[in-house]
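Quick notes on the structure that follows.
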Amino acid sequence: MRDIPGLEVQTHRVEARGADAVIRGAGTQTPIAIEVKTRVNAANVHQIIHHARGTSMPVVVIAREMTDGAREALAAEGIGTIDGLGNICLELPGLLVRVEGAARQPRTKTRATLSGKSSLVAQAMLLDTERSWHVADLAEHAGVSPALAHRVLQRLGDLEIVASQGAGPSKRRRLVEPSALFDLWAEEHRDRSRRYPAFILASATDDVTATVCRNLESAGVTYALTGAAAIARVAPILTSIPVVEVWFEGIADPAAVREEIGADQVTSGPNVVLQQERDDVPLAYRTRRDGVWLANVCRLYIDARRDPQRGSEQADHLRREAIGF
């Protein structure tokens, strides 16, 4: 910060009580509190915000690594940020400093990143937040190896998202920060789906949804309705549903599935999008409602956010009304 012309930073003999430094620039003098972290991401950003709200002066967070989502959340709270790439964002009384640092370097893969099979462990805990888990029970429930379940739990324990009780074979883990786990999973999720746009002749969206789901069941195809059409059944919100999105099993042939539901392949203007992933993770924990299979509510949130138009609005509404953390 001292390399910025016209900016002075004093860290010694700071007179303001509780301040770690005083920043002077543009005719202003502002005492600040400094929070230092190795890494700031969705798992710990809420704790930082909670601590900052109890501080009587502006807070600046300094971290070697900081995710884009964490940086945005801190900025929304008026908390300054400085990271190891040289990115600086400070909004202090009478002073605005924004410096764009170096390009982000490819990061080595975090152990047990919450994507793919690892996400099944996270979703299992998010969908049953009151349950305590043995590693073997969680692995069986999630359909993953005990080794993978243990790695995920160990990482979540290190982040203080999961608390442990007991020792040895009787040791149990319990989710204590569901919001942090949910945000971390949403941040680390990577979509590896294959999407197949199609068109079905129908007079209304409800007719399209009913036709697709009925025909998939008649053909014996495992599926889960997602996107706006599914959210309308879980947490209705006033919005149009231009496209019906459906996940279907990875072993099925897309052309055969399209034929089974009576849809034509299109390159533009679809009213149906068929989606599949090889490992069928999006179908995990699907639920039955009103005769239709729906993706689980956590998965619905992830899928809704992908919509570039009103996806964020629908996802936030679903989180408030059906998820609750």
Side-chain angles (χ1 to χ4, degrees), residues 115-116 119-120 123 186 189-319 321-323:
S115 189
S119 75
L120 296 176
Q123 290 179 71
H189 169 75
R190 295 294 178 269
D191 193 2
R192 298 176 296 169
S193 64
R194 298 182 295 276
R195 295 166 61 86
Y196 306 99
F199 185 84
I200 291 180
L201 187 62
S203 58
T205 301
D206 287 344
D207 294 337
V208 174
T209 303
T211 299
V212 169
C213 296
R214 181 177 62 249
N215 291 348
L216 285 172
E217 294 206 23
S218 297
V221 177
T222 302
Y223 76 94
L225 185 68
T226 189
I231 292 176
R233 294 168 179 260
V234 176
I237 182 173
L238 294 177
T239 183
S240 61
I241 305 173
V243 179
V244 174
E245 298 179 85
V246 183
W247 289 105
F248 68 100
E249 57 191 331
I251 63 172
D253 175 48
V257 170
R258 192 167 53 242
E259 183 177 349
E260 290 287 355
I261 65 173
D264 296 321
Q265 180 179 0
V266 296
T267 56
S268 62
N271 61 358
V272 177
V273 173
L274 301 171
Q275 307 169 101
Q276 68 179 162
E277 280 194 8
R278 186 166 20 184
D279 55 13
D280 287 342
V281 167
L283 296 173
Y285 315 118
R286 62 182 185 149
T287 59
R288 187 81 169 171
R289 183 185 288 240
D290 299 329
V292 173
W293 285 105
L294 306 179
N296 76 71
V297 290
C298 295
R299 182 73 210 194
L300 284 181
Y301 176 85
I302 291 289
D303 291 343
R305 295 202 318 167
R306 185 176 53 209
D307 187 338
Q309 296 182 350
R310 298 186 63 185
S312 295
E313 178 186 349
Q314 293 183 71
D316 291 343
H317 174 77
L318 177 71
R319 186 168 184 173
E321 299 297 321
I323 298 174

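Panel note: side chain Arg288, backbone Gly291; a donor-acceptor pair is recorded below 3.5 Å. Using a distance-only test at 3.5 Å, with no hydrogens or angles considered, no donor-acceptor pair links the side chain of Arg289 to the main chain of Leu294. The backbone N or O of Ala186 sits less than 3.5 Å from a side-chain atom of Arg305, completing a donor-acceptor pair. Between the side chain of His317 and the main chain of Ala322, no donor-acceptor pair closer than 3.5 Å is present. Looking only at distances, a side-chain donor or acceptor of Arg286 sits under 3.5 Å from a matching main-chain atom of Tyr223. Of the possible donor and acceptor atoms, one in the side chain of Tyr285 sits under 3.5 Å from a partner among the backbone N and O of Leu120.
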task = Please step through side chain to side chain contact (heavy atoms under 4.5 Å, CB included) for the pair Thr211 and Ile261, ending with a clear verdict.
result = CA-CA 7 Å; Thr211 299; Ile261 65 173; 5.8 Å; no
query = Which is it for Glu321 and Ile237 under the side chain to side chain contact (heavy atoms under 4.5 Å, CB included) test, yes or no, and what are the steps along the way?
reply = CA-CA 10 Å; Glu321 299 297 321; Ile237 182 173; over 6 Å; no
request  = Tell me, with the steps shown, if Arg233 and Leu225 meet side chain to side chain contact (heavy atoms under 4.5 Å, CB included).
outcome  = CA-CA 10 Å; Arg233 294 168 179 260; Leu225 185 68; 3.9 Å; yes
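Taking a 6.0 Å sphere around CG of Asp253, one finds it holds more than 12 heavy atoms contributed by other residues, nucleotides or ligands. Under a cut-off of 6.0 angstrom, the local environment of CD in Glu217 is crowded, with over 12 non-hydrogen atoms contributed by other residues, nucleotides or ligands. Crowding of Arg278 atom CZ: a count of heavy atoms from other residues, nucleotides or ligands under 6.0 Å not exceeding 12.
Using a 4.5 Å heavy-atom cutoff, the side chains of Pro282 and Thr226 are not in contact. Between Asp303 and Trp247, the closest side-chain pair of non-hydrogen atoms falls below 4.5 Å. Side-chain atoms of Val221 and Glu260, non-hydrogen and from C-beta on, never get closer than 4.5 Å to each other.
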